[in-house]
Amino acid sequence: MAKKAQVAGSVVAGFPSPAEQYLEPPLDLNELLVKRPAATYFVRVSGDSMTGAGINDGDLLVVDRSFTPSSGDIVIAALDGEFTVKTLRVRGAGRRAGGSSGGQEDDGVWLEPANPQYPSIKVDRGHDMRVFGVVTAVIHRFRRG
Amino acid sequence: MVGLVDGNNFFVSCERVVDPRLEGRPVAVLSNNDGCCVSRSNEFKALGIPMGTPYFQLRDREASGELVFRSSNYELYGDMSRRIVSILREEAVDVEQYSIDEAFISPPSFACEAGGDSLREYGVRLRSKILQWVGIPCGVGFAATKTLAKIANHIAKKRPEGVFAMPDDAAQVLANVPPEEVWGVGRRLAPKLRAARILTALQLRDADDPLLRSIGGVTLLRTAMELRGVQCHEERDYDAHPDSVTCSRSFGEPVTTREALMESIASFVAQAATKLRRHGLVASGCNVYAQMGGAYDGRWVERTVAFANPTDATNEIMRAIRREASDALFLKGERYRKSGVVFFGLESADAMRQGDLFELSAPVGASKLYKAVDAINARYGKHMVHAASEGIGDRPWKMKRAKLSKRATTNWNELITVR
């Protein structure tokens, strides 16, 4: 009763493995990274403002619009009409993040880079800021093709 | 209970999602060959520029920076449309896509509970989900029939919350709607209706059946019955409404081979293309979809196919679909229950003919060619004439789209860039 060897995750002995009927399909990156296709977008990174977060020039970002953006999330935001990738930070009473010791002028919504060469941007009434979506993954490719 | 969900200023709204600089500005999307305005932002409308205004009349206002224009980016619009429809499929019991930016839905039973606000609340949640997930603001209207839902949707758009459920007694609402605005009536019937002293949708609803039949045949009678709350429109009965051309059907038996699936799509395309030709229209693209799985675990695949040139020729359309979508649509091992096609970017074939002075009337020429090829093949046998249409690749008269935005959601090389 020779049977063609199959990858079943368990040892195949003389009998057909009872695990055969539970064989799973191959691992799918789409399934892993795109939980809500209708809300998922891909964007390309330009520049090095977020290298400290592991996001580099030329990388691909997976963006999910279904999440409500929270302080600490890396987001894609449209700031005065231009798309940017930054960490969203909400500073205020009861929510001092990262040991910030700033005073009340620091309170509000900030877009923070992950590179000391870039400034943090405070989003105040002079700015028009809309969050496009929350970054859920970064894809960095070493080899193409 | 029926709902109608449609995107506000749909093409412009799609452009704004991927280009936030367009927010708050007077923006219009142009038809094929950058001819005339087919979608306008509210700011554009507020300037009093009507739908269909030719672009050349507005060129200097663009140069001055007052107005912004975009060419039709069907790849983008088709993708955004698919996202919205997939959300509707998750949230509603049944979804019937009517055009690229409109779909009829059957709300779930919990939303239809009498004596409460449940329909409105359901609509608000649905609209909010679409706005967050896709970035497109929609109007959502609910009523007992499709014709009434269209009116409800129209009213919804005027409200800040964007949702409206037609009251059980729709009389007061219908008294404020002119009859030619009712779905399926049209401007041609207006003088006849006025002569019969039917000046509102309410009067249309309550008119005598024989009178209605004499003015507009059985179509008008069906419209009146729909206004009365009696559902008359069947899924395939859209001959009276040439603003949408679709064709789909559930299969008698599940389909499991690529050939059979593509054949079913080819037959729907042929039927829908016949409808296009009958109404004197050409289409710029289509969404093709297929449903797999069982009644309760239905999954969908859908693709947008943009045509190189607006067309009504079945074989051109099928060629484009086979080339661009058949790999994506057919998944080995799946059992398909239904497939269909929705055409969009509909324009009058005559308008195409009167296009740019220096461009050949290729789409109409292709249509005539197709008919001639058909006639010859019918007489002398299949494929007697076929080579002529096969070899045409990059056509010299290719559709002009000078202000095309990036295909930011369908092309790896054209993604939004973030800094």
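Convention: sequence-line order gives letters A, B, ...; per-chain numbering from 1.
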Side-chain touch [X]/[Y], heavy atoms, less than 4.5 angstrom:
{"X": "A/Ile76", "Y": "B/Val418", "answer": "yes"}
{"X": "B/Val134", "Y": "A/Tyr41", "answer": "yes"}
{"X": "A/Phe42", "Y": "B/Thr409", "answer": "no"}
{"X": "A/Val63", "Y": "B/Ile416", "answer": "no"}

Which atoms of [X] approach chain A - backbone, side chain, both or neither, heavy atom under 4.5 Å:
{"X": "B/Thr417", "result": "both"}
{"X": "B/Val85", "result": "neither"}
{"X": "B/Glu90", "result": "neither"}

Which bit of [X] is near chain B, if near means a heavy-atom gap under 4.5 Å: side chain, backbone, both or neither?
{"X": "A/Pro37", "value": "backbone"}
{"X": "A/Thr84", "value": "both"}
{"X": "A/Leu61", "value": "side chain"}
{"X": "A/Phe132", "value": "side chain"}
{"X": "A/Thr68", "value": "both"}

Counting heavy-atom pairs closer than 4.5 Å to chain A, which one of B/Lys129, B/Arg21, B/Arg419 comes out on top? B/Arg419
For each of [options], tally heavy-atom pairs with chain B at distances under 4.5 Å, and name the one with the top tally.
{"options": "A/Asp64, A/Asp128, A/Leu60", "result": "A/Leu60"}
{"options": "A/Gly47, A/Ala77, A/Ala78, A/Ser46", "result": "A/Ser46"}
{"options": "A/Pro113, A/Gly133, A/Ser66", "result": "A/Ser66"}

To the nearest 0.5 Å, tell me how far B/Arg83 CZ sits from A/Arg65 CZ. 9.5 Å
Once you round to the nearest 0.5 Å, how far does CG of B/Leu415 lie from CZ of A/Phe83? 12.0 Å
For B/Arg258, I'd like to know if atom CZ has over 12 heavy atoms of other residues, nucleotides or ligands within 6.0 Å.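 Counting other residues, nucleotides and ligands, CZ of B/Arg258 exceeds 12 neighbours.
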Other residues, nucleotides, ligands: >12 heavy atoms within 6.0 Å of B/Lys406 NZ: no
Within the side chain of B/Gln132, is there an N or O that forms a donor-acceptor pair under 3.5 Å with the backbone of A/Phe67?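 Judged by distance alone, yes, a pair lies under 3.5 Å.
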